[in-house]
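Each remark here refers to the structure printed beneath this line.
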Amino acid sequence: MKIKEGFLVRSVAGSYVVVAMGEKTVDFNGIMTLNETGYFLWELFEKGCDKEDAVKAFLAEYDVSEELATADTERFMKQLEEASLAE
C-alpha cells in the first residue's frame with residue numbers, strides 16, 4: 001500500500017492530522033486525525049510498505065499480539081482506502 005501523493009501529516013496540538021496539498025484539497029473533504037499507532041503505520045505506508053511488513057514492524061514497535069497487530073493494520077488500511085488516501 002502506498003499513500004497517494006499530495007497528502008501529508010502534521011502534528012497539531014498533540015494530534016496528528018492528515019492535510020491535503022495542492023489539487024488534493026478539492027477531493028479531500030473532511031479531516032482525519034491519527035493516534036500514535038496510526039501515525040506509525042502512515043509513515044510505513046508512505047514508503048510503500050506492504051501489509052505483512054507493516055504487521056512485522058508493528059509487532060517490533062509495540063507489545064501486542066500478532067492477531068491485534070494484524071487486525072489494527074487491516075482496519076487502518078481500510079480507512080485509508082475508504083478516504084481515498086492510498087493506492
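A pairwise comparison of heavy atoms in Met32 and Leu80 identifies CE-CD2, 4.2 Å as the closest pair. Between Met1 and Glu81, the shortest heavy-atom distance links the atoms CE-OE2, 3.2 Å.
The shortest distance between side-chain heavy atoms of Leu59 and Val64 falls below 4.5 Å. Considering only heavy atoms from C-beta on, Leu85 stays 4.5 Å or farther from Phe45 through its side chain.
Here the CG atom belonging to Leu34 is positioned 13.0 Å from the CZ atom belonging to Arg10, to the nearest 0.5 angstrom. Interatomic distance, Asp53 CG to Leu44 CG, rounded to the nearest 0.5 Å: 9.0 Å. With values rounded to the nearest 0.5 angstrom, Ile3 atom CD1 is found 12.0 Å from Lys47 atom NZ. Going from atom CD of Glu5 over to atom CD of Glu46 covers 9.0 Å, rounded to the nearest 0.5 Å. Taking CG from Asn35 and OH from Tyr16, the interatomic distance works out to 9.5 Å, rounded to the nearest 0.5 Å.
The number of heavy atoms from other shown groups lying within 6.0 Å of CD (Glu36) does not exceed 12. The 12-atom threshold is not exceeded at CD of Glu66, counting heavy atoms of other residues, nucleotides or ligands nearer than 6.0 Å.
Not one N or O on the side chain of Lys2 forms a donor-acceptor pair closer than 3.5 Å with the backbone of Cys49.
Evaluation of the ring pair (Phe, Tyr, Trp, His ring centres under 6.0 Å) test over residues 51-72, restricted to residues two or more places apart or in two chains, returns Phe40-Tyr62, Phe58-Tyr62.
Contacts of Lys51 classified as salt bridge (Lys or Arg N to Asp or Glu O under 4.0 Å), with partners at least two apart in sequence or in another chain: Glu74.
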